[in-house]
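Presented below is the structure to which this report refers.
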Number of protein chains: 2
Amino acid sequence: MQIGQAAKASGVTAKMIRHYEAIGLVPSAGRQPSNYRDYDDADVHRLRFIRRSRDLGFPMDRIRDLLKLWSDRHRSSSEVKAIALAHVAEMETRIAHMREMADVLHALADACEGNGRPECPIIRGLEGSDAGGPRMPAYLPPGSVNH
Amino acid sequence: MQIGQAAKASGVTAKMIRHYEAIGLVPSAGRQPSNYRDYDDADVHRLRFIRRSRDLGFPMDRIRDLLKLWSDRHRSSSEVKAIALAHVAEMETRIAHMREMADVLHALADACEGNGRPECPIIRGLEGSDAGGPRMPAYLPPGSVNH
DNA sequence: ATGCACTTTCCCGTCGTGGCAAGGTCAAGC
DNA sequence: GCTTGACCTTGCCACGACGGGAAAGTGCAT
């Protein structure tokens with residue numbers, strides 16, 4: 001099976017398959033006499049696993065860990081669960097961050113008449129009366145989770 | 001005022017001030033005889049506007065538009081509001097996407113016993129019966145970068 | 001005169017992906 | 001044969017929004 005077939009079968013572009021090989025996420029594919037990469041169903045299965053993981057938002061590092069566990073018959077499901085829950089927690093943090101930004105901006109927009117005149121609470125909000133601390137973040141950054 | 005002072009006063013790092021100048025988001029700063037950049041309060045005000053906009057997740061393109069409107073005395077608040085609401089809508093879309101990923105993964109994690117045995121619904125979910133569909137859009141929005 | 005804090009420009013790395021270029025390989029049609 | 005077209009190869013550049021760091025210049029205090 002050539003790379004294009006594997007791409008269609010797995011939902012991962014040929015470009016990305018080569019990239020994953022380059023960063024060691026998938027083993028180096030065998031070669032046909034033409035020097036074209038050669039794939040079998042197991043390879044496609046692995047690629048599909050990667051694609052599903054990406055679809056769930058996992059970063060490559062975690063996918064690497066998941067792949068190790070996947071092919072480990074002696075894994076503990078607790079290890080898998082820990083990775084999954086850590087990722088969920090990260091996403092929840094990001095969601096909370098975006099939620100806050102969206103809410104603040106939505107509130108500003110609600111206060112704005114949206115007519116032909118220049119007066120605008122959104123602009124005033126962006127100018128910020130927040131002139132105080134130079135280093136204080138107005139939102140919670142992804143690093144500082146409130147546990 | 002040198003760039004370090006402007007950075008502290010605005011909350012934008014010196015590095016970023018130079019970057020914003022390079023991409024034309026702020027005008028080229030004047031220079032002292034030493035060739036050091038020279039800033040005044042108006043420059044700091046503008047930088048603070050940019051920082052607040054970034055804190056609300058606006059991408060640079062939209063900030064560019066906001067800056068134009070900010071310095072336009074004949075703006076309509078409706079233009080500002082339109083930009084703000086478009087951005088809110090974008091964020092809501094991203095939030096919904098992440099919400100969905102987090103929920104799916106959370107459901108898989110709930111179904112996983114998380115014990116010492118290898119059997120794991122998360123892994124099974126990642127293997128996925130979902131064959132070669134097209135890839136979903138990138139999950140990580142530019143607004144959620146660590147800095 | 002030496003040290004230190006600040007500045008300058010420039011280049012590289014992030015992360016996951018798309019795009020393009022220049023060339024190799026193979027089957028089909030003329 | 002010879003061309004066309006579809007596939008493959010490697011490789012480099014780009015994105016957004018920065019951070020890091022090198023190598024060199026500037027300014028002030030000791």
Side-chain angles (χ1 to χ4, degrees), chain A residues 1-26 28-39 47 50-64 87 90-91 94 97-98 101 137 139 141-143, chain B residues 1-26 28-39 47 50-64 87 90-91 94 97 101 134-147:
Chain A
M1 199 192 248
Q2 289 184 353
I3 199 171
Q5 256 73 45
K8 269 175 203 153
S10 66
V12 177
T13 65
K15 191 91 191 200
M16 279 302 102
I17 295 175
R18 282 188 281 254
H19 179 63
Y20 292 158
E21 182 181 321
I23 65 175
L25 205 64
V26 300
S28 293
R31 299 294 180 130
Q32 295 167 346
S34 57
N35 195 36
Y36 289 1
R37 287 176 180 79
D38 197 13
Y39 296 92
L47 289 167
I50 294 173
R51 186 180 82 88
R52 295 273 299 163
S53 302
R54 293 278 323 128
D55 286 350
L56 287 178
F58 282 101
M60 306 312 284
D61 288 7
R62 294 214 204 268
I63 295 180
R64 212 179 285 269
H87 180 53
E90 260 183 41
M91 283 198 287
R94 293 209 201 106
H97 180 199
M98 292 220 271
M101 294 193 297
Y139 57 92
Chain B
M1 197 190 247
Q2 290 186 350
I3 199 171
Q5 257 73 45
K8 270 175 202 154
S10 66
V12 178
T13 65
K15 193 92 190 195
M16 281 302 101
I17 295 175
R18 282 187 281 255
H19 178 63
Y20 291 157
E21 181 182 321
I23 65 175
L25 204 65
V26 299
S28 293
R31 298 294 179 130
Q32 293 167 349
S34 58
N35 194 35
Y36 289 3
R37 286 176 180 79
D38 196 14
Y39 297 91
L47 288 168
I50 294 173
R51 186 178 81 90
R52 296 273 299 166
S53 302
R54 293 276 328 127
D55 286 349
L56 287 178
F58 282 101
M60 305 313 285
D61 290 6
R62 293 213 204 269
I63 295 179
R64 213 178 285 269
H87 180 53
E90 259 182 42
M91 284 197 287
R94 294 206 202 109
H97 181 200
M101 295 193 297
R135 262 196 62 78
M136 296 180 72
Y139 71 96
L140 213 172
S144 63
V145 184
N146 297 349
H147 41 113

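Every chain is numbered from 1 and lettered A, B, ... according to where its sequence line falls, protein lines coming before strand lines.
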Protein-proximity profile, nucleotides 2-7 of chain D, B/S/- by nucleotide at the 4.0 Å heavy-atom cutoff, equals -----B
Under-4.0 Å side-chain N/O to phosphate OP1/OP2 contact, [X] with [N]:
X       : N      : result
B:Arg31 : C:dT9  : yes
A:Tyr20 : C:dT17 : yes
A:Arg54 : C:dC15 : no
A:Thr13 : C:dG18 : yes
B:Arg18 : C:dT9  : no

Between OG on residue A:Ser34 and CD on residue A:Gln2, distance to nearest 0.5 Å: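 Nearest 0.5 Å value for the OG-CD distance: 6.5 Å.
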task: Could you grab the distance from atom CZ of B:Arg51 to atom CD1 of B:Ile17, nearest 0.5 Å is fine?
output: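 That separation rounds to 11.5 Å.
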Measure the distance from [atom1] on [X] to [atom2] on [N] and round it to the nearest whole Å.
X       : N      : atom1 : atom2 : answer
B:Ile50 : D:dC18 : CD1   : P     : 10 Å
A:Arg62 : C:dC15 : CZ    : C1'   : 15 Å
B:Tyr39 : C:dT7  : OH    : C1'   : 11 Å
B:His19 : C:dT7  : NE2   : P     : 19 Å
A:Ile23 : C:dT14 : CD1   : P     : 11 Å
B:Leu25 : D:dC18 : CG    : P     : 10 Å
B:Ile17 : C:dC6  : CD1   : C1'   : 14 Å
A:Met1  : D:dC8  : CE    : C1'   : 16 Å

Q: Give the minimum heavy-atom separation between A:Asp38 and A:Ala29, together with the two atoms involved.
A: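 Taking every non-hydrogen atom into account, O-CB, 4.0 Å.
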- Would you name the heavy atoms of B:Ala7 and B:Ala14 that are closest together and state the gap between them?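 The pair with the smallest heavy-atom distance is CB-N, 3.7 Å.
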Item to complete: Under 4.0 Å between any heavy atoms, over every strand shown, what does A:Arg37 touch: base, sugar-phosphate, or nothing? Just pick one.
Response: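 Touches sugar-phosphate only.
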- What nucleic acid atoms does B:Phe58 come within less than 4.0 Å of, heavy atoms only: base, sugar-phosphate, or nothing? nothing
Among the nucleotides C:dC26, C:dT17, D:dG20, whichever has the atom closest to the side chain of A:Met16 is C:dT17
Q) Mapping A:Asp61 and B:Lys15 to their closest nucleotides on DNA chain C, which lands nearer the 5' end? A)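 The residue whose closest nucleotide sits nearer the 5' end is B:Lys15.
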Take B:Met91 and B:Arg94, measure what side-chain contact (heavy atoms from CB on, under 4.5 Å) needs, and give me the verdict at the end. CA-CA 5 Å; B:Met91 284 197 287; B:Arg94 294 206 202 109; 4.3 Å; yes
- Task: Walk me through it: do B:Arg31 and B:Arg37 pass the test side-chain contact (heavy atoms from CB on, under 4.5 Å)?
- Result: CA-CA 5 Å; B:Arg31 298 294 179 130; B:Arg37 286 176 180 79; 3.3 Å; yes
- Using modelled atom types only, decide if a donor and an acceptor are shared between the side chain of A:His87 and the backbone of A:Leu56 within a distance under 3.5 Å. yes
The side chain to side chain contact (heavy atoms under 4.5 Å, CB included) partners of B:Tyr20 (sequence neighbours excluded) come to B:Val12, B:Met16, B:Ile23, B:Leu25, B:Val26, B:Leu47, B:Ile50, B:Arg54, B:Met60
If you pin B:Pro33 and B:Met60 to their nearest nucleotides in DNA chain D, which one's is more 5'?
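Nearest nucleotide further toward 5': that of B:Met60.
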